[in-house]
> 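One structure follows; several queries about it will come next.
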Amino acid sequence: MFNSFSRSWNLVKASWEVLKADRELLLFPFLSMLGMIAVTIAFIIPLVFSGLLDAIASGGEVNQGQGIFGFILLFLYYLVSYTVVIFSNTALIGAAMMRLNGENPTVADGFRIARERLGIIIEYAAISATVGMILNAIRNQDNLLTSILAGVLEFAWNVVTFLVIPVLVVEKVGAFDAIKRSGNLLKRTWGEQLVANAGIGLVFTLLGVGVLLVVGVPLFALASATQSGVVVFLAIALIVLALVGLGLFGSALSGIFQAALYKYATEGSAGDYFDETLVETAFKPKRG
């Protein structure tokens with residue numbers, strides 16, 4: 001466990017060096033978050049006016065028309081959400097790739113890269129939305145075995161598609177070819193049967209827990225002691241902002257690391273910012 005955390009912390013530090021050189025990379029996950037908020041609000045409105053939200057909330061019966069409408073709306077929500085997130089990640093990873101190649105990217109460069117691949121991004125978002133709907137349907141069977149199956153399939157999908165966005169950025173292939181290329185790069189570089197090793201997500205998960213326990217709980221307790229609704233609201237807002245800030249940094253650093261992994265898989269070097277040993281241990285053979 002200690003070795004995993006140490007490796008993950010070193011990944012954070014290496015990715016942070018890239019982020020320090022281009023702090024504007026933080027703008028991409030921030031805009032992605034704002035986009036997701038806007039999309040969610042936009043899709044809640046038709047749910048409210050259709051009466052479907054009230055039926056679900058009250059546990060009432062959903063008629064066939066509402067069911068079909070809800071299914072279509074859910075798929076569209078997945079599609080638009082994935083498009084927003086993938087577009088932002090493409091801009092982030094595109095700019096990060098420029099930095100790893102010794103260039104000096106701007107926010108405009110990132111958005112240009114994403115705009116040039118918009119059609120492929122929507123195609124990949126449609127595939128991801130379909131996979132998400134299938135996994136969601138399997139998970140909602142209220143069965144332990146199907147829940148486990150959904151978790152395994154989701155994990156496998158996340159591993160296989162880990163390098164899809166860097167592939168889209170550099171190789172400009174179609175979405176299906178990018179998925180195939182991502183899987184092949186991972187197998188060729190890290191072996192046939194592999195699992196993800198501890199990464200940046202581990203550090204930020206632990207940091208999030210630490211913020212809640214060390215800062216969040218005491219702050220909320222102190223605010224509650226004042227018996228002031230305003231103070232409690234401000235305390236909650238500060239805790240949420242801290243967690244959101246951590247999430248933004250984690251997303252930016254993860255995107256940078258994806259760019260470094262792709263560079264290592266295709267060129268044999270991740271650039272000056274990353275120690276090759278760290279990149280080599282990003283994935284490990286699955287134990288039989």
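All of these numbers come straight from a predicted model, not from anything done at the bench.
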> How about F274 and Y264: are their ring centroids closer than 6.0 Å?
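Here the rings of Y264 and F274 have centres that are no less than 6.0 Å from each other.
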> Quick one: CZ on R112 to OG1 on T106, what's the gap to the nearest 0.5 Å?
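These two atoms lie 8.0 Å from each other.
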> Is a side-chain donor or acceptor of N184 paired with a backbone partner of K180 at a separation under 3.5 angstrom?
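The answer is yes, because a donor-acceptor pair under 3.5 Å joins these two groups.
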> Would a single hydrophobic cluster contain both L234 and L222, if residues Ile, Leu, Val, Met, Phe, Trp and Tyr are joined by side-chain heavy-atom contacts under 4.5 Å?
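No, L222 and L234 fall in different hydrophobic clusters.
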> Got a salt bridge between E103 and R99, using NZ or NE/NH1/NH2 to carboxylate O under 4.0 Å?
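Looking at R99 together with E103, the answer is no, because their closest N to O distance does not fall below 4.0 Å.
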> Could you tell me which residues satisfy side-chain contact (heavy atoms from CB on, under 4.5 Å) with D177, sequence neighbours excluded, listed by chain and number?
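side-chain contact (heavy atoms from CB on, under 4.5 Å) list for D177, sorted by chain: V173.
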> Is it the case that the side chain of S182 and the backbone of V160 share a donor-acceptor pair, with hydrogens and angles ignored and the cut-off at 3.5 Å?
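Looks like yes, one N/O pair under 3.5 Å.
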> Rounded to the nearest 0.5 Å, how far apart are OG of S224 and CD1 of I236?
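Here the rounded value is 7.5 Å.
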> Determine yes or no for a side-chain-to-main-chain donor-acceptor pair under 3.5 angstrom, with T226 supplying the side chain and A223 the backbone.
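Checking the backbone N and O of A223 against the side chain of T226, a donor-acceptor pair under 3.5 Å is found.
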> Give a yes or no answer on whether the side chain of N136 reaches the backbone of G132 with a donor-acceptor pair at less than 3.5 Å.
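Between the backbone of G132 and the side chain of N136 there is no qualifying donor-acceptor contact (under 3.5 Å).
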> Give a yes or no on whether the backbone of I86 and the side-chain of T90 come within a donor-acceptor separation of less than 3.5 Å.
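Yes; judged by distance alone, with no hydrogens or angles, the pair exists.
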> Using side-chain contact (heavy atoms from CB on, under 4.5 Å) as the criterion, list what pairs up with F233, not counting sequence neighbours.
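Testing F233 for side-chain contact (heavy atoms from CB on, under 4.5 Å), a comparison that skips the adjacent residues, returns none.
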> Please lay out, stage by stage, how Y124 and F176 fare under the test ring-ring contact (aromatic ring centres under 6.0 Å, His included).
CA-CA 8 Å; Y124 180 46; F176 284 103; 9.5 Å; no
> Please identify each residue that fulfils side chain to side chain donor-acceptor pair (under 3.5 Å) with Y78, with sequence neighbours left out.
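Y78: no side chain to side chain donor-acceptor pair (under 3.5 Å) contacts found.
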